[in-house]
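Numbers restart at 1 for each chain; the letters A, B, ... are given by sequence-line order, proteins then strands. Note that the coordinates shown come from a computational prediction; the quantities given were computed from them, not determined experimentally.
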Amino acid sequence: MTNISEKNIRNFQEKIFAWWMENKRSLPWRETTDPYYILIAEIMLQQTQVNRSIEKYLEFIEEFPSLEKLASAPISSVLKIWSGLGYNRRALWLQEAAKQIVELKEFPKTQEELQKLKGIGPYTSRSILIFAFNYEIATVDTNIRRILIAEKFAEEETKEKELFIIAQKLLPKGRARDWHNALMDYGSLVLTAAKTGIKPKTTNSEKSKESRRYRGLIVKYLTSYSKVKKEQIVKDCNIPEEKVNDILLGLIADGLVVKIKKNYTLPE
DNA sequence: ATCCCGGACT
DNA sequence: AGTCCGGGAT
């Protein structure tokens, strides 16, 4: 990547912050710097649009107000709230991460430590350090990637590693938290994917809508009923007999369902 | 009805 | 490189 001039960087920062002063969104997870709450929000936002996350986030922190509460909760109660957000495996990972942090006695404060936790990768490890601790680092999600490309700081082909380096250069000193909130807002309200035509990197699930729906149905069902037989699931969830085996096998493979003797139930 | 969106795991 | 979910846009 060619050098970005200081003037270029300053102009960009000023433009973003000027826009943000007038247009910033008020979101529940922006009212806290508690790393536990930030962790919940970031895991949810990995997979779900802001608007759909708000209500679930509020429910979640009310039900599990502390790391300890989440770590010791039955997984069915966690999935009960999570259910409907999509990617239920991440609810398992979030609780697993909570357990690991409780063990550590102290919330991890480095990227390396955070990435050892289940469900936390390069983006989320950084975002937690930024939003909880205002650390002097940058992170890049698809919103920010799209901004970097649209503003000609990067190209569609630019590799992830390089994107992080570029983002770091653009970071205004001492304002990582505000800066990333501003970028997220700008990316999702102004430089949208539809408007810029910049395609995201990630690929989509190939699972059919139908089978996704059945999986979700079964998980939701099992948050209310435990240790049920296959026939019961077929009947109560209205799942085609010929499909139920594959779906249950998939759920078991993902650790969302366990089979004990002839009964299916949520893990633990 | 069909397409689009998204970070981390394996 | 392939897989994972569910709502919203078109």
Side-chain angles (χ1 to χ4, degrees), chain A residues 29 38-57 78-97 100 108 111-131 138-150 156-157 159-161 163-164 167 180 183-184 187-189 191-223 237 239 243 246-257 267:
Chain A
W29 47 85
I38 302 292
L39 167 68
I40 294 166
E42 287 304 321
I43 298 291
M44 280 189 182
L45 290 164
Q46 282 175 3
Q47 65 198 53
T48 314
Q49 290 95 331
V50 162
N51 287 340
R52 283 204 299 138
S53 298
I54 293 173
E55 203 175 325
K56 290 286 187 182
Y57 169 81
V78 181
L79 283 168
K80 203 161 205 159
I81 293 180
W82 201 271
S83 199
L85 271 177
Y87 296 112
N88 284 320
R89 286 184 303 178
R90 293 183 188 185
L92 305 188
W93 296 342
L94 176 55
Q95 190 189 36
E96 182 59 33
Q100 289 176 275
Q111 204 185 310
E112 293 72 28
E113 287 174 296
L114 282 166
Q115 280 188 219
K116 285 184 196 156
L117 304 175
K118 257 304 209 263
I120 300 183
Y123 163 76
T124 308
S125 58
R126 288 175 165 91
S127 69
I128 289 169
L129 296 175
I130 292 162
F131 294 124
T139 194
V140 181
D141 70 341
T142 50
N143 277 301
I144 297 177
R145 171 177 174 271
R146 208 169 51 244
I147 296 173
L148 296 181
I149 295 165
E156 297 220 38
E157 296 74 27
K159 300 267 188 284
E160 182 177 87
K161 203 176 166 186
L163 288 172
F164 278 101
H180 285 84
L183 287 177
M184 302 289 181
S188 54
L189 299 175
L191 293 180
T192 61
K195 207 179 291 180
T196 59
I198 297 165
K199 295 237 186 307
K201 291 284 256 184
T202 51
T203 59
N204 297 336
S205 167
E206 287 183 4
K207 264 217 169 17
S208 73
K209 268 274 204 252
E210 197 69 344
S211 103
R212 288 186 220 172
R213 201 174 62 79
Y214 291 140
R215 281 172 59 104
L217 267 175
I218 293 174
V219 170
K220 197 173 167 69
Y221 177 74
L222 292 176
T223 63
C237 300
I239 295 176
K243 293 191 178 163
D246 282 350
I247 291 167
L248 284 170
L249 280 174
L251 287 168
I252 290 167
D254 288 343
L256 278 163
V257 171

Q: Using atom CD1 of Ile198(A) as one end and atom P of dG6(B) as the other, report the distance to the nearest whole Å.
A: 11 Å
**Q.** Rounded distance (Å) that lies between atom C1' of dG6(B) and atom CZ of Arg89(A)
**A.** 13 Å
Q) In terms of side-chain heavy atoms of Gln46(A), which of dA8(B), dG6(C), dC5(B) is nearest? A) dA8(B)
Q: Just jot down the salt bridge (Lys or Arg N to Asp or Glu O under 4.0 Å) partners of Arg52(A), sequence neighbours excluded, or say none.
A: none
Q) Base, sugar-phosphate, or nothing for Arg126(A), non-hydrogen atoms under 4.0 angstrom? A) nothing
Q. Looking for any heavy atom pair under 4.0 Å, which part of the strands does Leu117(A) touch: base, sugar-phosphate only, or nothing?
A. sugar-phosphate
Q. Between dC4(B) atom P and Lys201(A) atom NZ, what is the distance in whole Å?
A. 17 Å
Q) Is a donor-acceptor pair below 3.5 Å formed from side chain Tyr87(A) to base dG6(B), judging by atom type as modelled? A) yes
**Q.** Tyr123(A) side chain, from C-beta outward: closest of dC4(C), dA8(B), dT10(B)
**A.** dA8(B)
Q: With P as the reference atom in both, quote the distance from dA8(B) to dG8(C) in angstrom, rounded to an integer.
A: 24 Å
Q. OP1 or OP2 of dG6(B) less than 4.0 angstrom from a side-chain nitrogen or oxygen of Thr48(A), does that happen here?
A. no
Q: Could I get the full list of salt bridge (Lys or Arg N to Asp or Glu O under 4.0 Å) partners for Asp246(A), not counting sequence neighbours?
A: none
Q: Specify the separation, in whole Å, of atom CD1 of Ile120(A) and atom P of dC9(B).
A: 9 Å
Q. Tyr123(A): what forms a ring-ring contact (aromatic ring centres under 6.0 Å, His included) with it, not counting sequence neighbours?
A. none
Enumerate the protein-to-nucleotides 8-10 of chain C contacts in which both atoms are nitrogen or oxygen and the separation is below 3.5 Å.
none

Q: Figure out the CE/C1' separation between Met44(A) and dG7(C), and round it to whole Å.
A: 16 Å
Q.
If you count heavy atoms of other groups shown closer than 6.0 angstrom to NZ of Lys201(A), is the number above 12?
A. yes
Q.
Rounded to whole Å, please give me the gap between CD in Gln47(A) and P in dA8(B).
A. 11 Å
Q.
Within the 4.0 Å heavy-atom criterion, would you say Asn51(A) contacts the bases, only the backbone, or no part of the nucleic acid?
A. nothing
Q. Do the side-chain N or O atoms of Arg213(A) get closer than 4.0 angstrom to the phosphate oxygens (OP1, OP2) of dC4(C)?
A. no
Q) Are any of Lys199(A)'s side-chain N or O atoms less than 4.0 Å away from OP1 or OP2 of dC3(B)? A) no
Q. Lys116(A) NZ to dA8(B) P: how many Å, rounded?
A. 17 Å
Q. Among dC9(B), dG6(B), dA8(B), which is the nearest nucleotide to the side chain of Trp93(A)?
A. dC9(B)
Q | P gap between dG6(B) and dT10(C), integer Å | A | 15 Å
Q) What integer number of Å spans the C1' atoms of dT10(B) and dG6(C)? A) 23 Å
Q. Side-chain contact, heavy-atom cut-off 4.5 Å: Ile43(A) with Trp93(A)?
A. no
(Q) Once side-chain hydrogen bond (donor to acceptor under 3.5 Å, both in side chains) is applied, do any residues pair with Tyr57(A), and if so which ones, sequence neighbours excluded? (A) none
**Q.** Worked check of side-chain hydrogen bond (donor to acceptor under 3.5 Å, both in side chains) between Gln115(A) and Ser125(A)
**A.** CA-CA 6 Å; Gln115(A) 280 188 219; Ser125(A) 58; 3.1 Å; yes
Q.
What contact category does Leu45(A) fall into here, base, sugar-phosphate, or nothing, at under 4.0 angstrom with non-hydrogen atoms?
A. nothing
Q) Which residues satisfy the side-chain hydrogen bond (donor to acceptor under 3.5 Å, both in side chains) test with Glu113(A), sequence neighbours excluded? A) Thr110(A)
Q: May I have the distance from Leu251(A) (atom CG) to dT3(C) (atom P), rounded to whole angstrom?
A: 17 Å
